[in-house]
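Below: the structure, in C-alpha cells.
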Amino acid sequence: MFAINHATAALAIKRKYPTVSLIWLLVSVQFMEFIWVAFNYLGIERTTTDDAVAFVGDIHLTHMPWSHSVATMLGVAVLAWLVLGKGFGKAKLGAAVGIGIASHLVLDLLTHQPDLQLVPFVSVPKLGLGLYGTAPLAAFAFELGFGVWCWWYYGGGKALLAAIVIFNLANISMFAAAIPGPETWLAHRPTLITTLIFAQIVATLALVGYLARTKGFSADPERVNVPTPLDAR
C-alpha cells in the first residue's frame, strides 16, 4: 500500500484508542517501512525493476525478508506490545502500537505482488494478493477507498480529506500504464525508488498528523474533540 494510506490507518487506530498520542500511531504504521528504507540503502534488502517502468507492477520488491516477512512484522508488533504494554505498564499504548505495526503487514498482503516471505530464511512461499500486478486500478480504488474510510471513521476535517484524495490522485499514473508519469525515470534506479518512497512516508505522516488536529462534522459526537494526551495507560 502507498504511503498516504498507511498513514491514514493511524487515524482508524486513533479512533479506537483516543487517549494514545497520534504521533505514536503514525510512527507505528510505517515503522517496518522505515526499516525497509534503511535496509535498501545498506544493501541488506533489494528492489529491482523491469527495463521500462510504466506502472507499479514493473517495480519488484525482490528481497525484503527482514522488514516485510510475516514472522518479522508480527514479531515486532508483539514485542512492541510486550515492551510498552507489559514492561512499561502502558496497556493501551502497547496495544495500539502493536496494531499499528501489524496493520502494515495486512495492508501490504492485500495489495502487493507475492513478495512477502513467511519467515526471513525461507524464500517460499511468498504471499500477496497481487493487485498491483494483475488489477492495478482495483488496487487504486481499494487504497483510495480505505484512506477515505479511515478519514470518515476518525471524523476528520475537510482539509484532511482533501489531502488524502490529492495524494492518492497524485499516484494515479503508477496504477495506470496508459497515463505517463515520473515512474518512467525509475527503471534500474533502486536508490531513487527508495528515496522517493522515504520522502512520501515523511511527507504523508507529517501532513496527516498536522491536519488530523482539526476534526470535522461527524454524526457520532464522540468522534469530535477527542482529547489527545501524550501518553496513556
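One is the number of the first residue; the rest follow in order along the sequence.
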Considering non-hydrogen atoms only, spot the tightest contact between Ala163 and Leu207 and give its length.
CB-CD2, 3.6 Å
Report the C-alpha separation of Tyr153 and Leu11 in whole Å, then their side-chain angles, then the decisive distance to 0.1 Å, and conclude whether the side chain to side chain contact (heavy atoms under 4.5 Å, CB included) test is met.
CA-CA 8 Å; Tyr153 185 63; Leu11 300 174; over 6 Å; no
For Leu107 versus Ala9, what's the shortest heavy-atom pair and its separation?
CD1-CB, 4.2 Å
Please round to the nearest 0.5 Å and tell me the distance separating atom OG of Ser69 and atom CE of Met32.
7.5 Å
Indicate yes or no for a side-chain donor-acceptor contact from Asn168 to the backbone of Ile164 under 3.5 Å, with no hydrogens or angles considered.
yes
Ignoring hydrogens and angles, tell me if any N or O in the side chain of Thr47 forms a donor-acceptor pair with the backbone of Leu61 under 3.5 Å.
no
Does Tyr210 OH have over 12 foreign heavy atoms under 6.0 Å away?
no
If only atom types and distance count, is the side chain of Gln200 paired as donor or acceptor with the main-chain N or O of Phe2 below 3.5 Å?
no
In terms of ring plane angle, is the pair Phe34 and Phe198 parallel, tilted or perpendicular, where the classes change at 30° and 60°?
perpendicular
Under 3.5 Å donor-acceptor, Glu45 side chain and Ser67 backbone:
yes
Once you round to the nearest 0.5 Å, how far does OG1 of Thr194 lie from CG of Asn40?
4.0 Å
For Thr72 versus Pro65, what's the shortest heavy-atom pair and its separation?
OG1-O, 3.8 Å
More than 12 heavy atoms of other residues, nucleotides or ligands under 6.0 Å from CZ of Phe31: yes or no?
no
Side chain Gln117, main chain Lys126, donor-acceptor under 3.5 Å
no
Donor-acceptor pair, Lys14 side chain versus Val20 backbone, under 3.5 Å?
yes
Do Arg189 side-chain atoms and Trp185 backbone N/O form a donor-acceptor pair below 3.5 Å?
yes
In terms of side-chain heavy atoms, does His104 have a donor or acceptor partner in Glu33 at a distance below 3.5 Å?
yes
Please state whether the rings of Trp149 and Trp152 are parallel, tilted or perpendicular, taking 30° and 60° as the class boundaries.
tilted
Working to the nearest 0.5 angstrom, can you tell me the gap between Trp24 CH2 and Lys90 NZ?
10.0 Å
Please test Ser173 against Glu183 for side chain to side chain donor-acceptor pair (under 3.5 Å), starting from the C-alpha separation and ending with a verdict.
CA-CA 8 Å; Ser173 66; Glu183 61 276 355; 2.8 Å; yes
Within this structure, what is the CZ-CD1 distance for the pair Phe55 and Ile179, rounded to the nearest 0.5 Å?
13.0 Å
For the atom pair CG (Asn171) and CG (Leu144), what is the distance rounded to the nearest 0.5 Å?
10.5 Å
Within 45° of the ring axis of Tyr154 and under 6.0 Å from its six-membered ring centre, is that where the NZ or CZ of Arg15 lies?
no
Checking Asp115, Asp108, Leu109 against Leu127 for side chain to side chain contact (heavy atoms under 4.5 Å, CB included), the one that qualifies is Leu109
Between CD1 of Ile201 and CG of Leu196, what distance do you get to the nearest 0.5 Å?
11.0 Å
Over all atoms of both residues, closest heavy-atom pair of Thr8 and Gly147:
OG1-CA, 3.6 Å
Are Leu129 and Met174 connected into the same hydrophobic cluster when the rule is that any two of I, L, V, M, F, W, Y join if their side-chain heavy atoms are below 4.5 Å apart?
no
